[in-house]
Amino acid sequence: MLSGGGSRGAYEAGIIQYLRVDLAKRLGRHVPLDIITGTSVGAINAAFLAATMHDPTLQALRIVDAWRQLRIEQMISLRPGDLLRSGRLLLGGDPEPPQPGSFRYGGLLNTTGLERFVVRTIPWRGIEKSLRTGALHALSVSTTHVGTGHTVVFLSSRDPVPVSWSRDPFVRHRAASIGPRHVLASAAIPILFPAVKIGEEYFTDGGLRQNTPMSPAIRLGADKLLVISLRHVREASAVQDREREREREEAAPKPLFMIGKALNALMLDHTDYDIQRMERINALLDAGNRAFGAPFEPTINRELEGIRAAPLRRIDAVHIRPSDDIGALAAQFVAKGRMQVSGVIARKLIQRLADGESAHETDLLSYLLFDGGYAADLIDLGRRDAAKQEEALVKFFSE
């Protein structure tokens with residue numbers, strides 16, 4: 001399960017590198033990844049994984065290399081005309097009507113560079129090859145339908161897509177040959193990036209309602225989940241808490257700080273709650289089996305058939321999340337002058353983003369800092385965090 005978070009997605013590449021290099025060496029084999037689900041930038045990484053599943057070793061090298069070569073001005077256009085357009089939209093101007101044949105609409109930023117990166121980096125025909133050869137069971141990417149606000153999960157599966165999906169009235173699923181538009185729609189950060197047209201409908205970032213897509217994998221039959229989050233849960237001392245609270249108070253009125261907080265709120269990570277709920281179901285099933293024996297599970301699932309779209313079953317999970325604050329890492333990266341930005345305007349704009357937030361909470365910047373050096377730092381962090389859970393991962397993939 002690959003979460004959303006803009007340029008924070010380089011962290012996921014580091015974990016993939018660990019799985020394909022370090023863990024493969026420990027186990028003497030490559031681990032199977034049967035179902036891959038992604039939201040937002042996680043959808044980009046998920047599609048790349050699905051398309052390169054036939055060569056796991058090369059898969060890791062290519063995804064890490066792609067992230068390390070990023071340049072922010074190549075991903076997001078920061079020319080004077082683009083900045084004037086963004087300013088006009090912020091002041092209440094209407095977006096230009098879409099040109100004939102265009103599949104994007106709105107958004108403060110010009111993301112044609114990101115679109116080119118997605119189209120050229122992912123070998124799209126490889127997804128169908130992975131499904132056809134059995135190297136992959138299913139791929140899903142989560143989006144948000146602009147008109148209704150509902151989650152729409154696009155699915156490419158080796159088997160027929162289940163007719164019954166979710167009883168949640170705000171979640172829909174659609175079988176599709178997942179391609180660039182599905183992934184770009186999932187990765188369209190609300191407000192900042194343009195919405196993407198698929199068919200006759202517009203879609204935006206799936207992280208608005210499903211930032212860590214566990215549910216699609218479970219409904220596709222997964223009984224083990226490797227969940228990767230991009231949100232750091234901070235444990236700080238009382239002194240650090242007071243210092244950061246002071247910084248929040250000073251930064252709170254600033255618009256850029258507020259935009260960063262709004263993005264965090266919109267892309268709220270429910271992973272901890274979802275895993276705790278899953279563990280409670282596991283405990284219930286274990287207790288029922290001990291008390292009533294083997295007939296317990298089929299009996300209770302027959303009784304629940306009219307209530308749930310899927311039966312209760314035991315699901316195990318390993319959850320990997322950043323051990324460091326990715327926003328703080330972005331602030332430090334910019335403060336040290338490590339950005340690979342050639343244009344004066346672009347450099348000043350990135351510096352302004354860093355200055356517009358608090359010193360330790362550059363949330364907006366961490367979503368947009370598509371810089372190869374910053375990506376390399378996140379890749380290293382992801383690889384280290386995965387290594388800390390090596391024994392859990394060995395057990396997870398060995399049982």
Side-chain angles (χ1 to χ4, degrees), residues 2 4-14 16-17 40-45 47-48 52 59-86 104 107-123 180 183-184 186-189 192-194 196 205 230 256 259-260 263 326-357 362-383:
L2 300 169
S7 59
R8 304 177 185 200
Y11 178 83
E12 297 171 343
I16 293 165
Q17 184 183 41
S40 193
V41 71
I44 297 176
N45 287 332
F48 183 89
T52 57
Q59 183 181 71
L61 295 174
R62 288 178 62 184
I63 195 169
V64 166
D65 188 57
W67 275 100
R68 285 178 172 165
Q69 291 187 32
L70 292 183
R71 297 285 295 275
I72 189 166
E73 67 265 38
Q74 294 173 354
M75 302 290 283
I76 301 173
S77 181
L78 299 175
R79 294 173 297 185
D82 297 308
L83 300 181
L84 288 173
R85 172 183 167 277
S86 299
R104 67 180 75 88
L108 293 176
L109 301 176
N110 181 346
T111 59
T112 54
L114 173 63
E115 292 158 12
R116 285 193 296 269
F117 171 81
V118 169
V119 171
R120 295 174 182 176
T121 303
I122 298 172
V183 169
L184 289 169
S186 182
I189 298 175
L192 299 178
F193 292 3
V196 174
D205 201 306
L230 297 177
L256 295 177
I259 292 174
L263 281 177
I326 289 181
L329 293 178
Q332 295 165 14
F333 183 84
V334 173
K336 292 178 181 178
R338 295 175 56 201
M339 289 184 299
Q340 302 177 63
V341 180
S342 56
V344 175
I345 294 177
R347 179 172 287 277
K348 287 185 176 180
L349 179 62
I350 299 301
Q351 187 63 57
R352 183 71 186 88
L353 282 176
D355 295 341
E357 302 186 77
T362 48
D363 297 307
L364 178 58
L365 179 62
S366 70
Y367 279 96
L368 300 178
L369 192 57
F370 290 98
D371 181 284
Y374 176 61
D377 290 349
L378 296 189
I379 289 167
D380 291 342
L381 176 64
R383 194 170 182 178

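Values below: all heavy atoms of this structure, side chains included; hydrogens, waters and symmetry mates excluded.
- Nearest heavy-atom pair across Arg116 and Gln74 is NH2-O, 4.5 Å.
- In this structure, CG in Asp371 is found 8.5 Å from CD in Glu73, a value given to the nearest 0.5 Å.
- For the atom pair Leu369 CG and Arg8 CZ, the distance stands at 11.5 Å (nearest 0.5 Å).
- To the nearest 0.5 Å, atoms CD1 (Ile44) and CZ (Phe117) are separated by 7.0 Å.
- Counting heavy atoms from C-beta outward, Met75 and Leu70 have side chains that approach closer than 4.5 Å.
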Pair Trp67, Thr121 - check side chain to side chain contact (heavy atoms under 4.5 Å, CB included), show working.
CA-CA 10 Å; Trp67 275 100; Thr121 303; over 6 Å; no
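- Considering every non-hydrogen atom in both Ser40 and Gly5, the closest pair reads OG-N, 4.0 Å.
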For Leu114 and Phe193: C-alpha separation, side-chain torsions, deciding distance, then whether side chain to side chain contact (heavy atoms under 4.5 Å, CB included) applies.
CA-CA 10 Å; Leu114 173 63; Phe193 292 3; 3.7 Å; yes
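- Atom-to-atom distance recorded for Leu329:CG and Gln332:CD is 5.5 Å, nearest 0.5 angstrom.
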Between Thr111 and Ile189, does a side chain to side chain contact (heavy atoms under 4.5 Å, CB included) hold up when you go through it step by step?
CA-CA 11 Å; Thr111 59; Ile189 298 175; over 6 Å; no
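- One distance of note links CZ of Arg62 with CD1 of Ile122; it measures 10.0 Å at 0.5 Å rounding.
- Using a distance-only test at 3.5 Å, with no hydrogens or angles considered, no donor-acceptor pair links the side chain of Asn45 to the main chain of Leu2.
- Two residues are said to be in side-chain contact when any heavy atoms from C-beta on lie closer than 4.5 Å; Arg338 and Asp377 meet this criterion.
- The CD1 atom of Ile16 sits 9.5 Å away from the CD1 atom of Ile379 when rounded to the nearest 0.5 Å.
- Of all heavy-atom pairs between Ala47 and Val183, the closest is CB-CG2, 3.8 Å.
- Nearest approach of Val64 to Ala13, heavy atoms of both residues: CG2-O, 3.9 Å.
- Across all their heavy atoms, Ser366 and Ser7 have their closest contact at O-OG, 2.5 Å.
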Could you walk me through whether Ile63 and Thr52 pass the side chain to side chain contact (heavy atoms under 4.5 Å, CB included) check?
CA-CA 10 Å; Ile63 195 169; Thr52 57; over 6 Å; no
